[in-house]
Amino acid sequence: MSAISVIASQLDAQANELLRQRLPGHRVIDLAPEQFNAERADVLIVRPVNVRGRRVDEAPRGWPWSLRWVQLVSSGIDFYPDWLFQGPPVTSGKGSNAEQVAEFALAAIFSAAKQLPNIWVKDDDWTFSPLQPVRGKTLGILGLGSIGRALAAKATALGLRVIALGRPGQALEAGVPVQAVADIHQLFAESDHLVLAAPLTAQTRGVIDRQVLASAKPGLHLVNIARGGLLDQQALVEALEAGRIGRATLDVTEPEPLPAGHPLYRDPRVFISPHTCAISTEGIRGFAEDFADNFQRYHQGQPLRNLVDHQRGY
């Protein structure tokens with residue numbers, strides 16, 4: 001391996017300048033998000049490719065050139081074409097924005113409990129509404145990756161009871177303050193607020209279906225900060241109409257964006273944000289630090305962290 005590496009990056013100019021500061025002596029090439037001309041690079045940093053109706057299903061000519069490592073910006077791999085994984089090792093951005101995403105989920109929970117922003121007044125017509133406590137409520141978490149673990153720690157500190165369901169066979173890590181449940185139906189039946197934080201894979205696509213939603217504790221607040229494909233959206237519409245689900249906070253949908261006139265836009269109990277919970281003023285700094293750490297491992301011939309298993313789906 002040459003002493004000087006060339007990194008082709010689809011990050012913005014400010015982020016690439018931060019990488020240059022963190023990795024002096026190496027070259028960072030700026031690429032536009034739709035560009036893949038990394039023929040002279042050792043490492044490629046890639047933004048999500050197949051998003052908002054855009055698809056790149058054919059690999060560029062000569063792929064993967066002389067690349068030795070591909071770094072994804074996001075933690076999930078479902079927005080990337082299959083050909084991207086048919087080459088050098090691929091690592092994800094897992095964990096870089098976990099704290100910010102966990103904070104967003106908590107903000108959604110507080111917004112529901114404290115009726116924000118509806119409680120703010122703009123005139124002298126004051127009415128009093130009883131607000132729900134957060135402390136003592138049960139938070140369910142589907143998925144115990146970096147986001148699920150960060151959320152569990154924060155929620156426990158706030159006095160919530162936290163229950164969780166990880167992937168099959170996943171043992172609870174020491175120090176993660178959650179109670180394991182037997183299955184997804186128990187998770188829905190006991191939760192006051194339930195956060196979806198699982199990766200989208202062939203096994204998890206559509207896992208939140210009519211049967212699962214029928215198990216929900218009446219009035220459940222469902223928060224999806226993972227992937228829209230986890231959730232049967234028509235089943236959600238029906239569960240809202242039936243009163244089984246009391247509120248839904250969706251940072252992700254399928255497709256993105258939802259088409260104009262979709263019933264989830266019209267329901268006043270549904271709050272949709274434009275897949276933004278992982279975007280933070282500090283997020284790129286965390287990504288750059290994690291990448292720089294992994295880059296040192298790469299140059300020292302050590303195993304890379306956050307290696308993606310394409311067959312597994314994350």
Side-chain angles (χ1 to χ4, degrees), residues 72 74-79 90-106 108-109 137-209 211-217 220-232 236 245 248-252 254 277-278 290 305-314:
L72 310 182
S74 60
S75 57
I77 71 171
D78 49 301
F79 289 144
V90 178
T91 56
S92 74
K94 181 174 63 175
S96 294
N97 289 305
E99 298 294 332
Q100 292 92 330
V101 175
E103 289 172 357
F104 183 95
L106 285 177
I109 292 168
K137 296 296 184 179
T138 296
L139 169 63
I141 303 175
L142 181 65
L144 277 175
S146 55
I147 294 170
R149 295 193 302 271
L151 177 57
K154 295 177 189 301
T156 300
L158 290 167
L160 286 113
R161 169 186 177 238
V162 182
I163 60 176
L165 183 66
R167 64 179 180 272
Q170 182 181 14
L172 291 180
E173 295 182 14
V176 179
V178 302
Q179 301 173 32
V181 294
D183 55 35
I184 197 168
H185 295 280
Q186 183 186 359
L187 186 72
F188 271 72
E190 295 188 15
S191 297
D192 298 297
H193 305 272
L194 199 153
V195 176
L196 306 183
L200 181 62
T201 69
Q203 290 70 41
T204 61
R205 177 170 289 280
V207 67
I208 313 302
D209 57 16
Q211 289 71 35
V212 170
L213 291 173
S215 304
K217 183 177 182 178
L220 170 70
H221 174 207
L222 182 64
V223 182
N224 191 357
I225 45 79
R227 288 293 187 267
L230 295 172
L231 175 63
D232 181 334
L236 174 60
I245 301 298
T249 302
L250 308 176
D251 188 59
V252 290
E254 191 171 79
C277 71
D290 289 349
R305 294 195 175 100
N306 293 337
L307 277 169
V308 166
D309 183 332
H310 188 226
Q311 293 300 115
R312 186 178 62 184
Y314 55 91

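Source: prediction; values computed, not measured.
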Among [options], which residue meets the side chain to side chain contact (heavy atoms under 4.5 Å, CB included) test with [X]?
| X | options | result |
| --- | --- | --- |
| Leu213 | Leu220, Asp232, Ile208 | Ile208 |
| His221 | Thr249, Val195, Asp192, Leu194 | Thr249 |
| Ser191 | Val181, Leu139, Ile163 | Ile163 |

Heavy atoms, side chains only, cut-off 4.5 Å: are [X] and [Y] in contact?
| X | Y | answer |
| --- | --- | --- |
| Val212 | His185 | yes |
| Tyr314 | Arg312 | yes |
| Val101 | Leu151 | no |
| Leu236 | Leu222 | yes |
| Asp251 | Asn224 | no |
| Arg167 | Gln203 | no |
| Arg205 | Leu230 | no |
| His310 | Ile77 | yes |

For a quick test of reading the model, state the closest non-hydrogen atom pair linking [X] to [Y] and the distance between them.
| X | Y | answer |
| --- | --- | --- |
| Val252 | Gly228 | CG2-N, 3.5 Å |
| Pro177 | Ala153 | CG-CA, 4.0 Å |
| Ser92 | Ser75 | CB-O, 3.7 Å |
| Val162 | Ala155 | CG2-CB, 3.8 Å |
| Leu200 | Gly229 | CD1-C, 3.7 Å |
| Ser96 | Asp290 | OG-OD2, 3.0 Å |

Give, for atom [atom1] of [X] and atom [atom2] of [Y], the distance between the pair rounded to the nearest 0.5 Å.
| X | Y | atom1 | atom2 | value |
| --- | --- | --- | --- | --- |
| Leu165 | Gln179 | CG | CD | 13.5 Å |
| Leu196 | Ile147 | CG | CD1 | 11.5 Å |
| Cys277 | Phe104 | SG | CZ | 5.5 Å |
| Leu72 | Lys94 | CG | NZ | 12.0 Å |

- Query: Is the backbone of Val207 close enough, under 3.5 Å, to the side chain of Thr204 for a donor and an acceptor to pair up by distance?
  - Reply: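 Absent.
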- Lys/Arg N to Asp/Glu carboxylate O, Arg149 vs Glu99, below 4.0 Å: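 Result for this pair is no, no salt bridge flagged.
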- Message: Among residues at least two apart in sequence or on other chains, which ones pass salt bridge (Lys or Arg N to Asp or Glu O under 4.0 Å) with Asp78?
- Response: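 Here the qualifying residues are Arg227.
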- Between Asn306 and Thr91, does any side-chain donor sit less than 3.5 Å from a side-chain acceptor?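 Side-chain D/A pair, Asn306 to Thr91: absent.
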- Message: Using the rule given for side-chain contact (heavy atoms from CB on, under 4.5 Å), can you reason through Glu190 versus Lys217, listing the C-alpha separation, both sets of side-chain angles and the distance that settles it, and then say yes or no?
- Response: CA-CA 6 Å; Glu190 295 188 15; Lys217 183 177 182 178; over 6 Å; no
